[in-house]
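Below is one structure, written out as structure tokens; the observations come after it.
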There are 2 protein chains.
Amino acid sequence: MDQSTAKPSIREGNERAILAAAEAVFAEQGFGGATMAAIAARAGVPKPNVHYYFPTKAGLYRAVVEQVLTAWLDAAHAFDTSADPVEALTTYIEAKMDLAREMPLGSRIWASEILRGAPVIQDFLDTTLTQWVRSREKVVKRWIAEGRLKPIEPKVLFYMIWATTQHYANAAHEIATLEKGGGLDDEAFQRAKTQVVEIILGGVTK
Amino acid sequence: MDQSTAKPSIREGNERAILAAAEAVFAEQGFGGATMAAIAARAGVPKPNVHYYFPTKAGLYRAVVEQVLTAWLDAAHAFDTSADPVEALTTYIEAKMDLAREMPLGSRIWASEILRGAPVIQDFLDTTLTQWVRSREKVVKRWIAEGRLKPIEPKVLFYMIWATTQHYANAAHEIATLEKGGGLDDEAFQRAKTQVVEIILGGVTK
DNA sequence: GTCTATAATCGGATAGAC
DNA sequence: GTCTATCCGATTATAGAC
């Protein structure tokens, strides 16, 4: 789109490779445990090259976290406030389960960031997430007033959904150990998804 | 109990202070992000003193994790396999909620360790935890066969309980942000505990 | 835009005086 | 048992040739 018309862009390819490598290393080692050398090795580029594209480790980390944020927001839109509670919650829980399945690294980075007290995404918690919760709380309370849900604190429900769905990414290793080492295959995961929806909906609908 | 009869023991006091400081720093920074200097400063002792009592950072981390393990096992016993499902699950969920409330640092270290793939506690996952899950799975399946619970995969239930209860420790900062900055007071936490029990039991009992 | 060589700093660990 | 001074490997970051 810019001057350099048809350039498949070396820059773009390298940035992508570095971001992908960084996502994996930050997910495995945490921010403090990750090293630029490990990221460079995984991306298949020399170490100074990483610094060329991302001058500081903190900046690279921010870039990775912001990618994860985008995915989180997409999943958040699955909570359709116009739908009825069963449909809205089913769609949302399934979207969050799929996100944990398809982006386990991002989910783990997110969890790690929250564990540390959200040093990088605090402003997101203060603004976008707070607004998301406020608006969805109203919807849940309306459903309760209409007698379609049990009288629960909406946040208790949200926390249960977030924690349970992300557990399938965050604790994938623990799960694999308990499943005789193999982890969940697609079929087992789909069953788990269905049952998570059933248990939560069974617990909150009248 | 040994030769040095009535020694209140400088050693004991220092070890306790260092372990407490290490728990806090590991919980905040993760293993990789924690530094011996930060732990020493928090414990109020010079850095080499930490190495005197705990020669290596990895060893100190193991000592902290083992403390957490003990607490986990105590809570696990709250799952009374002789009781009826409502009573057993209620007691267990409440015990896990109380653990998250009373030992938030330990819960966060546990979560961080699981996130990284359990490098230190893998043998515990392979032995004690696997056995715990196997035996409780049998109990849940019996309850299902007796028609007292819906036909669910027991592990889906366990994961939901673990993830949801520990969320109150792991995401305490996020929760505080969403609760207008104050965090949950005792009353709000007790309400949440009750509702977590109600939703899960409502979702799995017939 | 790439990468070798290197600077500068941090952090785990230790020596040795007290 | 305590702690100052210090070592040294690891790590972030940069300079500068190509």
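A note on names: the letters A, B, ... follow the listed sequences, proteins ahead of strands, and every chain is numbered from 1.
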Self-check item: Side chains of B:Gln195 and A:Lys150 in contact at under 4.5 Å (non-hydrogen atoms)
Solution: no
Quiz prompt | Pairwise side-chain contact, A:Val45 with A:Tyr53, heavy-atom cut-off 4.5 Å (strictly under) | solution = no
Quiz prompt | Test side chain to side chain contact (heavy atoms under 4.5 Å, CB included) applied to A:Val197 and A:Val86, A:Leu89, A:Ile93, the passing residue | solution = A:Ile93
Self-check item: Candidate list B:Leu149, B:Val139, B:Leu201, test side chain to side chain contact (heavy atoms under 4.5 Å, CB included), partner B:Pro85, passing option
Solution: B:Leu149
Quiz prompt | A:Gln29 CD to A:Ser112 OG distance, which is reported to the nearest 0.5 Å | solution = 11.0 Å
Self-check item: Value rounded to 0.5 Å, distance of CZ in B:Arg136 from NZ in B:Lys155
Solution: 14.0 Å
How close or far is atom [atom2] of [N] from atom [atom1] of [X], stated in whole angstroms?
X: A:Glu15; N: C:dT2; atom1: CD; atom2: C1'; answer: 15 Å
X: B:Asn49; N: C:dA15; atom1: CG; atom2: P; answer: 16 Å
X: A:Arg11; N: C:dG1; atom1: CZ; atom2: P; answer: 4 Å
X: B:Asn14; N: D:dG1; atom1: CG; atom2: P; answer: 9 Å

Exercise. Could you go through the side-chain hydrogen bond (donor to acceptor under 3.5 Å, both in side chains) check for B:His167 and A:Gln166 one step at a time?
Key: CA-CA 10 Å; B:His167 183 81; A:Gln166 289 188 203; over 6 Å; no
Quiz item: So which pairs with a foot in residues 187-201 of chain B pass salt bridge (Lys or Arg N to Asp or Glu O under 4.0 Å), sequence neighbours left out?
Solution: B:Asp98-B:Lys193, B:Glu187-B:Arg191
Quiz prompt | Pairwise salt bridge (Lys or Arg N to Asp or Glu O under 4.0 Å) hits with a residue in residues 109-122 of chain A, at least two apart | solution = A:Glu113-A:Arg116
Exercise. Tell me whether the OP1 or OP2 atom of C:dT2 has a side-chain N or O from A:Tyr53 closer than 4.0 Å.
Key: yes
Quiz item: Which string of ( ) [ ] | and . matches DNA chain D, if you list each base 5' to 3' and count Watson-Crick or G-U pairs only when both distances are under 3.5 Å?
Solution: ||||||||||||||||||
Quiz item: How does protein contact run along nucleotides 6-18 of chain D, one letter per nucleotide 5' to 3', with B for base contact, S for sugar-phosphate only, - for none, heavy atoms under 4.0 Å?
Solution: -----SBBB----
Quiz prompt | Within residues 17-27 of chain A: residues closer than 4.0 Å to DNA chain C (heavy atoms) | solution = none
Quiz item: Got a donor-acceptor contact below 3.5 angstrom from the A:Thr130 side chain to the B:Leu178 backbone?
Solution: no
Exercise. Just jot down the salt bridge (Lys or Arg N to Asp or Glu O under 4.0 Å) partners of A:Asp123, sequence neighbours excluded, or say none.
Key: none
